[in-house]
Undergrad: 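Okay, handing you the structure first.
Quick note: residue numbers are just sequence positions, from 1. Because the structure is predicted, anything quoted here is derived from the model rather than measured.
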Amino acid sequence: MPSQAAVYEEGGRLIVSQDDTDLWGVAEEQMGRWRVARAPALTECTVNVTPKGQTISW
């Protein structure tokens, strides 16, 4: 079963709902790396997905 996460606003707060996989934590980690790299353009980013997992690079 694929992992999933959803973000919604409730009472002015952002709420994250996700399954047992910490998908949102992984997304936050990657966003931090992207910011440290001075936010490269999307054309410089590569996402590779294989049966063994995914990698994001720039």
Side-chain angles (χ1 to χ4, degrees):
M1 176 179 211
S3 297
Q4 54 188 347
V7 180
Y8 59 94
E9 186 176 351
E10 184 176 286
R13 293 180 25 187
L14 292 177
I15 307 295
V16 175
S17 174
Q18 60 186 353
D19 59 17
D20 293 337
T21 304
D22 185 18
L23 189 59
W24 190 254
V26 172
E28 284 184 324
E29 178 184 331
Q30 295 301 326
M31 181 61 88
R33 287 183 57 231
W34 178 73
R35 287 182 175 151
V36 167
R38 297 194 172 145
L42 290 178
T43 55
E44 298 177 42
C45 299
T46 303
V47 177
N48 291 306
V49 180
T50 69
K52 293 182 180 181
Q54 74 175 22
T55 58
I56 301 171
S57 57
W58 47 81

Undergrad: Tell me, please, which residues at least two apart from Ile56 pass side chain to side chain contact (heavy atoms under 4.5 Å, CB included).
TA: Gln30, Val47, Gln54, Trp58
Undergrad: Taking ILVMFWY side chains as joined if any heavy atoms are under 4.5 angstrom apart, and letting links pass through other members, which residues group with Trp24?
TA: Val7, Leu14, Val16
Undergrad: Asn48: what forms a side chain to side chain contact (heavy atoms under 4.5 Å, CB included) with it, not counting sequence neighbours?
TA: Thr46, Thr55
Undergrad: For Glu29, what residues pass the side chain to side chain donor-acceptor pair (under 3.5 Å) criterion, not counting sequence neighbours?
TA: none
Undergrad: Minimum heavy-atom separation for Cys45 to Pro40, with atom names?
TA: SG-O, 4.4 Å
Undergrad: Please enumerate all residues that pass side chain to side chain contact (heavy atoms under 4.5 Å, CB included) together with Ala41, with sequence neighbours excluded.
TA: Thr43, Glu44
Undergrad: Heavy-atom count check: over 12 atoms from other residues, nucleotides or ligands less than 6.0 Å from Ile15 CD1?
TA: yes
Undergrad: Which residues pass the side chain to side chain contact (heavy atoms under 4.5 Å, CB included) test with Ala5, sequence neighbours left out?
TA: Gln18, Leu23
Undergrad: Which other residues belong to the hydrophobic cluster containing Val36, where Ile, Leu, Val, Met, Phe, Trp and Tyr are joined when side-chain heavy atoms lie under 4.5 Å apart, directly or via other members?
TA: none
